[in-house]
Peer 1: 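I'd like to ask you about the structure that follows.
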Number of protein chains: 2
Amino acid sequence: MRIGELAERAGTSVKTIRYYDRIGVLRPAERSESGYRLYGVDALDRYRFVRAAQAVGLRLGEIREIIALRDGGETPCGFVVDLIGRRAAELDVRIAELVALRDELRSLDRRARRLDPRRCDPRLVCHVIDGGA
Amino acid sequence: MRIGELAERAGTSVKTIRYYDRIGVLRPAERSESGYRLYGVDALDRYRFVRAAQAVGLRLGEIREIIALRDGGETPCGFVVDLIGRRAAELDVRIAELVALRDELRSLDRRARRLDPRRCDPRLVCHVIDGGA
DNA sequence: CTTGACTCTCCCCTACAGGGGAGGCTTTAG
DNA sequence: CTAAAGCCTCCCCTGTAGGGGAGAGTCAAG
């Protein structure tokens, strides 16, 4: 099948499929004489895998590595497990940062409601946010 | 004072100060005849405000708006309160997404440890991540 | 007077996952 | 045969907060 059909069956855009070819996560089985990308039915499974991997937070560069292992004849499972373990740990850190930031915003918000705008020092731009000056 | 001194006193780079001028969050008081940026001492306070605002998650574009209000003679406090309220709400959403993602990664991780890599179906690339095929 | 440090503007580069469009073939239907 | 639709490559664009470096002008000390 050609790229347009694959894109439609996959529910995505032709641009995306071309992009996946370019970065090496979904290569066409072959090219026609005129240079058209030709895909087998398995391309649809491959596409779904890429999307599933993206959905759990993997980047296309990482997905490419997984696929390269598979295409090199290895089982990428160990690599994948490592990857998702690390990603989960990164997420823990990121979540903690965001929670801290949100809590600070909330307390800033509460504080701001008790402040009088007319007493805002112009040099500080806004006393709600204090540059520690 | 010239840009180099300001950058050093502020503990940042000349590039950053120039960038802040360009986007309008920290303009020099004047220019010398030769075109050098000249800053007053208040530039340091202004710089600290910008950094403090960034630290609570505001973007430079938003900070510029706050500063524009202040320089226009208004007290930007109301605007700032709105902004941080909205930002906090966005963070709530974002945090919830990340927590869900992390939990999914954790459960994927647990599941993966019970799977046998030798039974991994090559068509699916890796059975740890299931494209739903 | 010259050298070295400082400054200026202008332009390209980064990550991420594509989107938009130009200009030019190829294929398919009528 | 012709027109429309599909496909190709190539290049620029998005947002964020600057970083790197070129080429040229400026300022202070020796």
Side-chain angles (χ1 to χ4, degrees), chain A residues 1-39 43 46-67 83 87 90-91 94 97-98 101, chain B residues 1-39 43 46-67 83 87 90-91 94 97-98 101:
Chain A
M1 96 190 100
R2 294 193 310 209
I3 196 169
E5 188 183 342
L6 175 58
E8 189 169 359
R9 291 224 264 174
T12 187
S13 71
V14 167
K15 277 284 189 185
T16 296
I17 303 291
R18 269 198 209 108
Y19 180 63
Y20 285 3
D21 177 15
R22 191 154 64 84
I23 66 172
V25 297
L26 182 53
R27 301 221 185 263
E30 56 174 336
R31 293 274 190 149
S32 75
E33 282 185 28
S34 53
Y36 284 17
R37 290 171 181 83
L38 299 177
Y39 296 88
R46 179 63 64 99
Y47 174 81
R48 289 195 195 105
F49 172 78
V50 173
R51 285 302 183 177
Q54 274 190 302
V56 295
L58 300 188
R59 276 160 266 173
L60 290 174
E62 294 163 340
I63 297 171
R64 177 184 45 209
E65 291 187 70
I66 296 170
I67 287 175
L83 208 50
R87 187 62 23 93
E90 287 167 22
L91 277 181
R94 186 90 186 104
E97 288 170 0
L98 293 188
L101 185 55
Chain B
M1 100 188 98
R2 293 193 309 211
I3 197 170
E5 189 183 342
L6 175 60
E8 190 170 357
R9 290 224 264 174
T12 186
S13 72
V14 167
K15 277 283 189 189
T16 297
I17 304 291
R18 265 197 212 108
Y19 181 62
Y20 286 3
D21 178 15
R22 189 154 63 84
I23 65 172
V25 296
L26 181 54
R27 301 221 188 260
E30 54 174 338
R31 292 273 189 151
S32 75
E33 283 186 27
S34 53
Y36 285 15
R37 290 171 180 84
L38 299 177
Y39 297 88
R46 179 64 65 97
Y47 174 81
R48 289 196 195 103
F49 172 78
V50 173
R51 284 301 183 179
Q54 274 190 300
V56 296
L58 300 190
R59 276 161 268 172
L60 290 174
E62 294 163 341
I63 297 170
R64 178 184 42 209
E65 291 187 72
I66 296 170
I67 288 175
L83 208 49
R87 187 60 24 91
E90 286 167 23
L91 275 181
R94 185 88 186 109
E97 288 171 2
L98 292 187
L101 185 55

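We name chains A, B, ... by the order of the sequence lines, and we start the count at 1 in each one.
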Peer 1: Would you please test V25(A) and Q54(A) for side chain to side chain contact (heavy atoms under 4.5 Å, CB included) and show each step?
Peer 2: CA-CA 12 Å; V25(A) 297; Q54(A) 274 190 302; over 6 Å; no
Peer 1: Do any side-chain nitrogens or oxygens of Y20(A) fall under 4.0 Å of OP1 or OP2 in dA17(C)?
Peer 2: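 For dA17(C), OP1/OP2 do not have a side-chain N/O of Y20(A) under 4.0 Å.
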Peer 1: What is the separation between atom OH on Y39(A) and atom P on dG6(D), rounded to the nearest whole Å?
Peer 2: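 It is 16 Å, rounded to the nearest whole Å.
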Peer 1: Report the distance from atom CD of Q54(A) to atom P of dC16(C), rounded to the nearest whole Å.
Peer 2: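 Whole-Å distance recorded here is 12 Å.
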Peer 1: Expressed as a whole number of angstroms, how long is the span from Y47(A):OH to dA17(C):C1'?
Peer 2: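 So the two atoms are 12 Å apart, to the nearest Å.
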Peer 1: Check the distance between dT7(C)'s P and E30(B)'s CD and give it to me in whole angstrom.
Peer 2: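 Answer to the nearest Å: 16 Å.
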Peer 1: To the nearest 0.5 angstrom, please state how far the CZ atom of R37(A) sits from the CG atom of L26(A).
Peer 2: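 R37(A) CZ to L26(A) CG: 10.0 Å, rounded to 0.5 Å.
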Peer 1: Take the protein atom CZ of R22(A) and the nucleotide atom P of dG19(C), then report the distance between them rounded to whole Å.
Peer 2: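 Rounded to whole Å, this separation is 12 Å.
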Peer 1: Any idea which heavy atoms bring R51(B) and T16(B) closest together, and the distance?
Peer 2: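 The answer is NH2-CG2, 3.7 Å.
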Peer 1: For a quick test of reading the model, state the closest non-hydrogen atom pair linking A55(A) to L101(B) and the distance between them.
Peer 2: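 The pair with the smallest heavy-atom distance is O-CD1, 3.4 Å.
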Peer 1: Would you say the side-chain atoms of R27(A) pair up with the backbone N or O of D21(A), donor to acceptor, closer than 3.5 Å?
Peer 2: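 Indeed, once roles are kept as given, a pair shorter than 3.5 Å links the two residues.
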Peer 1: Starting at CD1 of I23(B) and ending at C1' of dA17(D), how long is that distance when rounded to a whole Å?
Peer 2: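 Roughly 8 Å, once rounded to whole Å.
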Peer 1: Over all heavy atoms of both residues, which pair between G57(B) and R87(B) is shortest? Give the atoms and the distance, please.
Peer 2: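 Minimum heavy-atom separation between G57(B) and R87(B): O-NH1, 3.0 Å.
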Peer 1: Roughly, in whole Å, what's the span from OH in Y19(A) to P in dC13(D)?
Peer 2: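 Going from Y19(A) (OH) to dC13(D) (P), I get 18 Å.
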Peer 1: Identify whether any heavy atom of R51(B) sits under 4.0 Å from a base atom; if not, whether one sits that close to sugar-phosphate; answer base, sugar-phosphate or nothing.
Peer 2: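 Sugar-phosphate contact only - R51(B) comes under 4.0 Å of backbone atoms but never of a base.
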Peer 1: Name the atoms and distances for all side-chain donor-acceptor pairs under 3.5 Å in residues 2-10 of chain A, with sequence neighbours left out.
Peer 2:
none

Peer 1: Quick one: label S13(A) by what it contacts on the DNA or RNA (base, sugar-phosphate, nothing), any heavy atom closer than 4.0 Å.
Peer 2: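 Result for S13(A) = sugar-phosphate.
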Peer 1: Polar-atom pairs under 3.5 Å, protein N or O versus N or O of nucleotides 7-11 of chain D: list them with distances, or write none.
Peer 2:
{"from": "dC7(D)", "atom 1": "OP1", "to": "G4(A)", "atom 2": "N", "distance (Å)": "2.9"}
{"from": "dC8(D)", "atom 1": "OP1", "to": "R37(A)", "atom 2": "N", "distance (Å)": "2.8"}
{"from": "dC8(D)", "atom 1": "OP1", "to": "R37(A)", "atom 2": "NH1", "distance (Å)": "3.0"}
{"from": "dC8(D)", "atom 1": "OP2", "to": "R18(A)", "atom 2": "NE", "distance (Å)": "3.1"}
{"from": "dC8(D)", "atom 1": "OP2", "to": "R18(A)", "atom 2": "NH2", "distance (Å)": "3.2"}
{"from": "dC8(D)", "atom 1": "OP2", "to": "R37(A)", "atom 2": "NH1", "distance (Å)": "3.2"}
{"from": "dC8(D)", "atom 1": "O5'", "to": "R37(A)", "atom 2": "NH1", "distance (Å)": "3.4"}
{"from": "dT9(D)", "atom 1": "OP1", "to": "R31(A)", "atom 2": "NH1", "distance (Å)": "3.2"}
{"from": "dT9(D)", "atom 1": "OP1", "to": "R31(A)", "atom 2": "NH2", "distance (Å)": "3.3"}
{"from": "dT9(D)", "atom 1": "OP2", "to": "R37(A)", "atom 2": "NH1", "distance (Å)": "3.2"}
{"from": "dT9(D)", "atom 1": "OP2", "to": "R37(A)", "atom 2": "NH2", "distance (Å)": "2.9"}

Peer 1: Rounded to whole angstroms, how far apart are CD on E33(B) and P on dT26(D)?
Peer 2: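 Interatomic distance, CD of E33(B) to P of dT26(D): 11 Å.
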